[in-house]
Amino acid sequence: MTDTTTEVVATRAAHEEPLVSVRDLTKHFPIMKGLLRRQVGAVRAVDGVSFDIYRGETLGLVGESGSGKSTTGRALLELDSPTSGSVKFDGLELTTMSNSQVRSLRPRMQMVFQNPHASLNPRMTVASIVGEPLSEHKAVTNSSERGDRINELLTMVGLRPAHANRYPHEFSGGQRQRIGIARAIALSPDFIVCDEPIAALDVSIQAQVVNLLERLQNQLSLAYLFISHDMSMVRHIADRVAVMYLGRIVELAPVDVLYEQPTHPYTRALHSAVPVPDPKLEASRGRVILEGDIPSPAHPPPGCPFHTRCPVARANCAHDVPEWRELKPGHWVACHFADESGW
Amino acid sequence: MNPDEVVLEVDDLRTEFFTHDGTVHAVNGVSFSLRPGEFLGVVGESGSGKSVTMMSLLKLIPMPPGEIVSGTAMFDDIDLLATDDTTLRSVRGGKIGFIFQDPMTSLNPVLTVGYQIAESVRLHTEAGKKEALDRAEELLTLVGLPDARDRLKSYPHELSGGMRQRVMIAIALACSPRVIIADEPTTALDVTVQAQIIEIMRGLRERFNTAVIWITHDLGVIAGLADRVLVMYGGQIVEEAHVDELYSQPTHPYTQGLLQSLPRLDQQGQELTSIPGQPPSLFEPPSGCSFAPRCPHVFNRCLEENPSLVEVGARHRVACWWDTVEGKAR
Ligand SMILES: Nc1ncnc2c1ncn2[C@@H]1O[C@H](COP(=O)(O)OP(=O)(O)O)[C@@H](O)[C@H]1O
Ligand SMILES: Nc1ncnc2c1ncn2[C@@H]1O[C@H](COP(=O)(O)OP(=O)(O)O)[C@@H](O)[C@H]1O
Ligand SMILES: [Mg+2]
Ligand SMILES: [Mg+2]
């Protein structure tokens with residue numbers, strides 16, 4: 001991305017209504033114990049996140065496992081109802097809607113899952129998997145129209161109409177992911193949550209699927225929330241990127257800013273931890289090695305959630321929760337010392 | 001390091017699995033050598049035969065259905081594939097240590113980690129109980145576990161994934177092995193924890209003269225670790241080179257395709273270069289080159305004859321009928 005596109009992304013907020021707008025979203029899972037199943041605590045899987053997604057853009061969501069990425073994706077699609085907070089889709093508040101109202105919006109917001117094996121019914125043919133949303137939402141009037149649309153969808157994702165009568169197990173991982181994508185785009189959505197769509201695929205197949213997602217985005221003006229722990233793939237596909245740690249977003253910025261001028265110590269540590277496929281660069285680059293493990297979201301540390309592992313934490317980080325603030329237009333961060341450079 | 005000295009020499013290893021669905025030709029004639037203290041990376045996508053190759057060396061594959069149908073693996077003048085079970089048992093966990101992706105498959109859940117490390121020390125050395133426990137503490141400190149003395153009393157389930165993997169490294173190191181085989185040891189870990197483990201391995205390399213075979217599907221992980229890299233595809237080695245040369249001058253079309261399919265900064269905004277098609281089925285023995293159906297340079301000979309590794313530079317070997325450097329058939 002060039003400087004000018006970075007500016008475009010940054011100033012978009014001032015001019016355009018976001019397609020998806022999330023504010024202070026939380027999702028806590030109760031921890032039950034004993035015979036009476038009393039609640040003894042809560043897993044704070046998502047603990048107050050706010051962000052916008054614009055039409056046709058890709059927001060990358062990165063972070064280590066357990067940081068709350070999938071829960072965020074599911075909560076904002078109302079697949080799991082959030083504990084608190086607001087989710088607006090095209091200006092409509094989802095969290096207070098009835099189930100049938102949410103259902104009527106379903107065609108416009110879809111999900112692609114990590115494991116194409118588990119998310120496709122093994123007893124259904126490809127045609128019935130891809131055609132199911134068409135029938136459910138009465139998007140086609142008769143069976144010949146349905147067949148045509150299924151063929152069109154299969155072609156769009158790089159499969160052949162001849163594949164329609166086969167079963168998922170007859171396909172490789174990459175092809176199954178294409179089937180899942182065909183199903184997700186069947187009703188011409190505006191928005192798709194892609195939850196680790198390439199994580200289960202081999203390296204040589206990942207590029208095929210990412211190219212497909214990008215091609216479809218251009219054709220259909222789709223917006224994506226692209227959830228991934230693969231930092232270099234996110235850099236390739238995303239326009240803006242949010243970094244999650246222990247249920248919070250700690251930094252959000254246009255992709256170039258996030259990768260070249262990250263200000264949160266966790267973002268920097270993540271960049272440093274990702275090995276690059278270049279022996280010369282690997283030999284010469286400096287490293288920030290974090291100590292210890294990610295704390296449990298059932299007992300997040302007080303103050304800044306990252307302070308227990310932060311290489312530059314100071315005394316107040318253990319008590320004061322850093323404010324989520326806009327450092328520069330479009331560049332958000334939650335760190336007390338984000339504006340001090342050179343640590 | 002004497003350039004001609006070799007600690008492990010594998011020749012024409014073939015392993016098959018006889019299953020209900022047919023014979024899986026998992027390893028199809030793998031040959032390589034390992035020098036003392038060398039760090040050898042093994043890359044390839046899932047199913048390419050990385051694990052079965054290395055597990056075959058110590059007969060760690062289930063037999064049946066598995067069978068090692070040919071090959072030799074010379075380690076210290078003994079052929080691991082032909083030797084008796086007693087010798088093999090003393091080599092396993094003694095002179096050759098193994099680290100798996102999931103430490104829980106090798107750790108005993110009802111024994112403390114201190115006991116398990118000490119046992120490994122005692123099994124392969126003369127050390128007494130007290131001495132072995134001291135050694136266990138020393139090893140845990142070495143792999144960067146804080147409060148090693150207290151940690152000796154921990155059970156595996158009380159530790160995080162990263163800490164368990166450190167315990168596995170400690171166990172592997174317990175008998176000062178000559179070779180450690182690590183099979184995707186960081187694949188299940190988070191990237192910041194993976195970085196810790198890689199840092200530990202980097203440090204250990206410099207302290208010990210242990211050779212390491214590190215299996216991974218991530219071309220990033222071994223770029224900063226390995227001296228030399230083997231690339232596997234369809235149960236065969238298709239390229240072998242010094243790490244710098246492999247990344248700067250990949251010669252096999254598969255290696256080239258793999259490296260090109262990674263997102264690159266100077267190609268931001270462009271389509272990624274992908275390798276078309278799917279990995280091969282292993283139910284048939286390779287007749288031609290197993291990469292031929294996906295290869296941009298394929299010609300008749302590739303479909304008829306399986307290429308063997310030929311030298312194209314100093315310790316740089318490639319199995320391909322097409323000379324990608326000269327742009328002509330070999
Ligand atoms: N249904 C659930 N019940 C209880 N805990 C859950 C549930 N789903 C997720 N969690 C917990 O919430 C946290 C965040 O999980 P998740 O959103 O899956 O993280 P990520 O996708 O970033 O790996 C984890 O600690 C996970 O164990
Ligand atoms: N116990 C087994 N029974 C049948 N096939 C097996 C068994 N173990 C491995 N294989 C097959 O051998 C091939 C190579 O597997 P593996 O060495 O595990 O690949 P990699 O480690 O490169 O991912 C695969 O096709 C796999 O399915
Ligand atoms: Mg997830
Ligand atoms: Mg394996």
Side-chain angles (χ1 to χ4, degrees), chain A residues 1-2 5 62-67 158 171-175 200-212 214-215 229-237 255-256 259 266 269-285 287-294 296 309, chain B residues 43-48 144 146 159-163 186 188-196 198-200 216-226 229 233 242-248 254 257-265 267-279 294:
Chain A
M1 210 188 263
T2 61
T5 45
V62 300
E64 297 176 88
S65 66
S67 58
F171 294 88
S172 65
Q175 287 172 319
L201 304 178
D202 273 317
V203 182
S204 78
I205 307 299
Q206 290 183 350
Q208 294 179 5
V209 172
V210 166
N211 284 342
L212 172 66
E214 293 198 288
R215 223 173 295 140
H229 63 268
D230 183 338
M231 296 288 284
S232 55
M233 205 54 101
V234 167
R235 183 170 202 175
H236 172 84
I237 200 172
V255 64
D256 275 7
Y259 283 77
Y266 181 62
L270 260 189
H271 287 321
S272 163
V274 177
V276 289
D278 180 338
K280 296 211 170 69
L281 212 69
E282 274 290 313
S284 62
R285 73 194 191 125
R287 286 192 175 76
V288 188
I289 306 282
L290 292 182
E291 281 175 24
D293 295 282
I294 304 176
S296 156
R309 299 174 81 202
Chain B
V43 290
E45 42 204 304
S46 64
S48 59
L159 303 177
S160 68
M163 290 203 251
T186 59
L189 302 176
D190 272 311
V191 62
T192 57
V193 178
Q194 166 173 284
Q196 297 167 354
I198 289 178
E199 202 59 20
I200 288 164
T216 178
H217 64 274
D218 184 339
L219 284 156
V221 168
I222 47 164
L225 274 174
V229 181
Y233 189 81
H242 184 273
V243 66
D244 290 338
E245 202 162 306
L246 189 94
Y247 287 78
S248 62
Y254 174 63
L258 265 189
L259 285 165
Q260 279 162 6
S261 66
L262 301 174
R264 280 181 22 195
L265 269 187
Q267 294 172 343
Q268 209 66 341
Q270 296 173 29
E271 281 223 329
L272 296 170
T273 318
S274 65
I275 305 178
Q278 311 295 333
R294 307 174 73 184

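For the numbers below, each heavy atom of this structure counts, side chains included, while hydrogens, waters and symmetry mates do not. Lettering of chains follows the sequences in order, A, B, ..., and the numbering in each one begins at 1.
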query = Among Arg285(A), Arg215(A), Arg235(A), which residue forms the greatest number of heavy-atom pairs with chain B at distances under 4.5 Å?
reply =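 So the answer, after comparing Arg285(A), Arg215(A), Arg235(A), is Arg235(A).
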Max heavy-atom pair count under 4.5 Å with chain B, selected residue of Pro279(A), Ala207(A), Gly174(A) =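 Greatest number of close heavy-atom pairs with chain B: Pro279(A).
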Side chain of [X], backbone of [Y]: donor and acceptor closer than 3.5 Å?
X	Y	result
Gln278(B)	Ser172(A)	no
Glu199(B)	Ile289(A)	no
Gln194(B)	Ala273(A)	no
Asp190(B)	Ser65(A)	yes
Asp278(A)	Ala223(B)	no

query = Listed by chain and number, what are the salt bridge (Lys or Arg N to Asp or Glu O under 4.0 Å) partners of Glu291(A), not counting sequence neighbours?
reply =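 Result, salt bridge (Lys or Arg N to Asp or Glu O under 4.0 Å) vs Glu291(A): none returned.
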ask   = Taking only residues two or more places apart in sequence or in another chain, which ones pass salt bridge (Lys or Arg N to Asp or Glu O under 4.0 Å) with Glu214(A)?
value =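 None.
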Proximal component of [X], with respect to chain B [non-hydrogen, under 4.5 Å]:
X	value
Ile294(A)	side chain
Asn211(A)	both
Val203(A)	both
Leu290(A)	both
Arg309(A)	side chain

Enter the distance from [X]:[atom1] to [Y]:[atom2] here, rounded to the nearest 0.5 Å.
X	Y	atom1	atom2	result
Leu272(B)	Leu212(A)	CG	CG	12.0 Å
His236(A)	Glu271(B)	NE2	CD	8.0 Å
Ser274(B)	Gln206(A)	OG	CD	11.5 Å

ask   = Any side-chain heavy atom of Val191(B) within less than 4.5 Å of one from Glu64(A)?
value =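 Yes, their side chains come closer than 4.5 Å.
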What are the two closest heavy atoms between [X] and [Y], and how far apart are they?
X	Y	answer
Ile205(A)	Arg294(B)	CD1-NH2, 3.7 Å
Pro275(A)	Gly220(B)	CB-O, 3.4 Å
Pro263(B)	Met233(A)	CG-SD, 3.7 Å
Pro277(A)	Tyr247(B)	O-CD2, 3.3 Å

query = Do Ser204(A) and Glu45(B) have side-chain atoms, one donor and one acceptor, less than 3.5 Å apart?
reply =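 Yes.
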message = Heavy-atom cut-off 4.5 Å, strictly under: side chain, backbone, both or neither for Leu262(B) against chain A?
response =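 Side chain of Leu262(B) only, per the 4.5 Å heavy-atom cut-off to chain A.
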query = Checking heavy atoms, do the side chain of Gln260(B), its backbone, both or neither come under 4.5 Å from chain A?
reply =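 No part of it gets close to chain A.
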